[in-house]
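One structure is given below, encoded as structure tokens.
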Amino acid sequence: MNVDLTPEQDQLRDAVRALGRKYGHGYFVEKAKTGGHTTELWNEAGRLGYLGVNIPSEYGGGGGGITELAIVCEELAAAGCPLLLLVVSPAIAATVINRHGTEEQRKRFLPGFADGSLKVVFAITEPEAGSNFHRLGTVARRDGDDWLLSGRKCYISGVDEAQYVLVVARTEDSATGKLKPALFIVPTDAPGLEKSKLDMEILSPENQFLLYLDEVRLPADALVGESLDAGLPALFAGLNPERITVAAMGAGTGRYAIERATEYTATRKVWGGRSIGSHQGVAHPLAHAAVQVELARLMIQKAAVLYDAGRDLEAGVAGNMAKYASGEAAALAVDTAVQALGGAGMTTEYGVATLLGAVRAGRIAPVSREMILNFVAQHVLGQDKSY
Ligand SMILES: Cc1cc2nc3c(=O)[nH]c(=O)nc-3n(C[C@H](O)[C@H](O)[C@H](O)COP(=O)(O)OP(=O)(O)OC[C@H]3O[C@@H](n4cnc5c(N)ncnc54)[C@H](O)[C@@H]3O)c2cc1C
């Protein structure tokens with residue numbers, strides 16, 4: 001087993017780290033507190049090619065895989081800039097269009113993903129269906145060549161920053177009459193699409209929205225793929241990249257928090273000449289969190305390598321485990337860092353409590369820890385499905 005990155009991946013990691021540090025957590029927090037977006041960081045990362053690392057080179061991208069995109073997600077987060085839009089746009093939406101879109105859709109959309117000028121967010125969650133996507137109620141019906149989309153979505157990230165939203169809906173299967181999933185590329189300014197911002201207790205420049213689709217009229221080519229049969233595989237195509245990149249973001253956030261805390265505990269002295277980090281009651285929880293973050297990173301690397309090798313089923317197991325491990329490790333690392341900093345841990349200046357909401361959400365979204373445990377119990381441990 002090779003645990004080393006390639007020289008190109010190493011260079012990418014160093015370069016993204018440098019970019020992330022140029023902006024830093026202060027920039028991220030300032031944007032979040034003033035209702036701004038991380039547009040400058042996003043645009044610069046796009047110009048430098050970091051947002052399109054996983055897009056095939058014939059469409060202007062870097063020709064790499066999810067391994068490279070995970071590096072970008074992790075390093076920006078490790079610099080205090082965890083960007084959720086990286087997960088929804090280049091990881092989910094670009095992968096779905098690349099793998100299951102028509103050639104026309106690839107030509108139209110992938111160059112924009114490659115340079116970051118295009119942001120496409122992802123809408124699957126619905127108020128009634130929740131974790132159970134089999135209950136999705138957003139329906140697409142034919143009207144001549146067009147489609148008409150109606151339904152409601154919730155917690156959809158970044159709609160205010162994106163040109164399109166990839167909406168998961170259902171259509172009637174003409175052969176069986178049953179409903180089956182279909183994905184539509186919907187302009188965020190389409191008539192009939194309304195958004196309403198949710199008040200979330202997460203300090204982030206990225207916002208979540210309720211979406212209302214009222215007979216949104218779409219041309220035939222808004223459907224991802226050549227036919228309705230592309231729907232289910234297209235939906236599943238987005239899941240592994242989603243889990244792996246969100247896990248990478250969590251691992252980066254964990255690294256960031258531990259770094260902030262250990263810088264502080266190595267120099268803070270309140271008992272004579274000893275640093276507080278010399279007390280095992282302070283150092284051990286940080287060391288424990290560091291072990292958990294590093295274990296998560298190893299699983300992320302495994303999942304990304306399997307995914308890039310086309311081993312989707314194994315990547316699915318590893319990606320879910322990586323997402324679980326990383327979600328727990330990031331939450332532990334941030335909470336432990338806050339504790340190690342004492343009162344300073346709760347200040348904005350020291351930049352760790354600012355991440356409490358985000359890492360808490362990372363145990364719920366985009367897939368909750370319970371749904372991952374259900375998956376592992378069923379598919380790895382061979383237990384009957386309980387729901
Ligand atoms: C910050 C944030 C950003 C998000 N961004 C997006 C986005 O961009 N696009 C999008 O589509 N969605 C997004 N979501 C939604 C997210 O994916 C869902 O919140 C998540 O999948 C859980 O669904 P739910 O909130 O409906 O919870 P529910 O399904 O109502 O579940 C509530 C609780 O019950 C547990 N539970 C449910 N069923 C079971 C079961 N069978 N066994 C055990 N436990 C169970 C869950 O794990 C959870 O803890 C976002 C959410 C957040 C918080």
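First listed ligand is number 1; within each ligand, the first listed atom is number 1. The basis for the numbers below is simple: all heavy atoms, side chains too, and nothing from hydrogens, waters or symmetry mates.
Of the listed residues (F133, Y155, F209, Y387), the one carrying the non-hydrogen atom nearest atom 25 (O) of ligand 1 is Y155. Which of E201, R360, E370 comes nearest to atom 49 (O) of ligand 1 through a heavy atom is settled by distance: it is E370. Remark: among candidates S131, A358, A129, G130, the nearest residue to atom 31 (O) of ligand 1 is S131, based on non-hydrogen atoms.
We find that E104 and K107 are not joined by a salt bridge, their nearest charged nitrogen and carboxylate oxygen being 4.0 Å or further apart. A salt bridge links R21 to E259: one of the charged nitrogens lies within less than 4.0 Å of a carboxylate oxygen. R141 has a carboxylate O that lies under 4.0 Å from a charged side-chain N of E215, or vice versa, which qualifies the two as a salt bridge. Electrostatic pairing of R17 and D14 counts as a salt bridge here, judged by a charged N lying under 4.0 Å from a carboxylate O. Salt-bridge check for R369 with E328: passed, with a basic side-chain N closer than 4.0 Å to an acidic carboxylate O. With salt bridges taken as basic N to acidic carboxylate O contacts below 4.0 Å, none links E40 and K22.
Ligand 1 lies less than 4.0 angstrom from a heavy atom belonging to I364.
Residue I124 has at least one N or O atom closer than 3.5 Å to an N or O atom of ligand 1. Of the polar atoms of F122, at least one N or O is found under 3.5 Å from an N or O of ligand 1, judged by distance alone. Polar contact check, I202 against ligand 1: no nitrogen or oxygen pair lies under 3.5 Å apart. Between S157 and ligand 1, at least one pair of N/O atoms sits closer than 3.5 Å. Below 3.5 Å of separation, one finds an N or O of T125 facing an N or O of ligand 1.
The closest protein non-hydrogen atom to atom 40 (C) of ligand 1 is N374 ND2, 3.5 Å. The protein heavy atom nearest to atom 21 (O) of ligand 1 is P366 O, 3.4 Å. In terms of protein heavy atoms, atom 38 (N) of ligand 1 is closest to M371 SD, 3.8 Å. Nearest to atom 51 (C) of ligand 1 among the protein's heavy atoms is A365 CB, 3.4 Å.
Atom CD of E201 sits about 12.0 Å away from atom CG of L356, to the nearest 0.5 Å.
Of the protein's heavy atoms, none falls inside 4.0 Å of atom 34 (O) of ligand 1. Shown here, atom 47 (O) of ligand 1 is in close reach of the protein: a heavy atom of it lies under 4.0 Å off. For atom 16 (C) of ligand 1, the nearest protein heavy atom lies under 4.0 Å away.
Counting heavy atoms under 4.0 Å from ligand 1, residue R369 does not touch it at all.
Note: the hydrophobic cluster containing L148 does not contain Y212 (ILVMFWY, side chain heavy atoms under 4.5 Å, direct or indirect links). Hydrophobic clustering keeps V121 apart from Y155 (ILVMFWY residues linked when any side-chain heavy atoms are closer than 4.5 Å, directly or through intermediates).
Close contacts of ligand 1 with I156, meaning ligand atoms under 4.0 Å from a residue heavy atom, involve 7 (C), 8 (O), 9 (N), 10 (C), 11 (O). Every atom of ligand 1 is numbered from 1 in the order shown, and the set under 4.0 Å from a heavy atom of S368 is 46 (C), 47 (O).
Crowding of K302 atom NZ: a count of heavy atoms from other residues, nucleotides or ligands under 6.0 Å not exceeding 12.
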Kindly determine whether Y256 and L355 satisfy side-chain contact (heavy atoms from CB on, under 4.5 Å), including the steps that lead there.
-> CA-CA 10 Å; Y256 165 85; L355 289 162; 3.5 Å; yes
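In this structure, G20 and L76 approach most closely via the heavy-atom pair CA-CD2, 3.8 Å.
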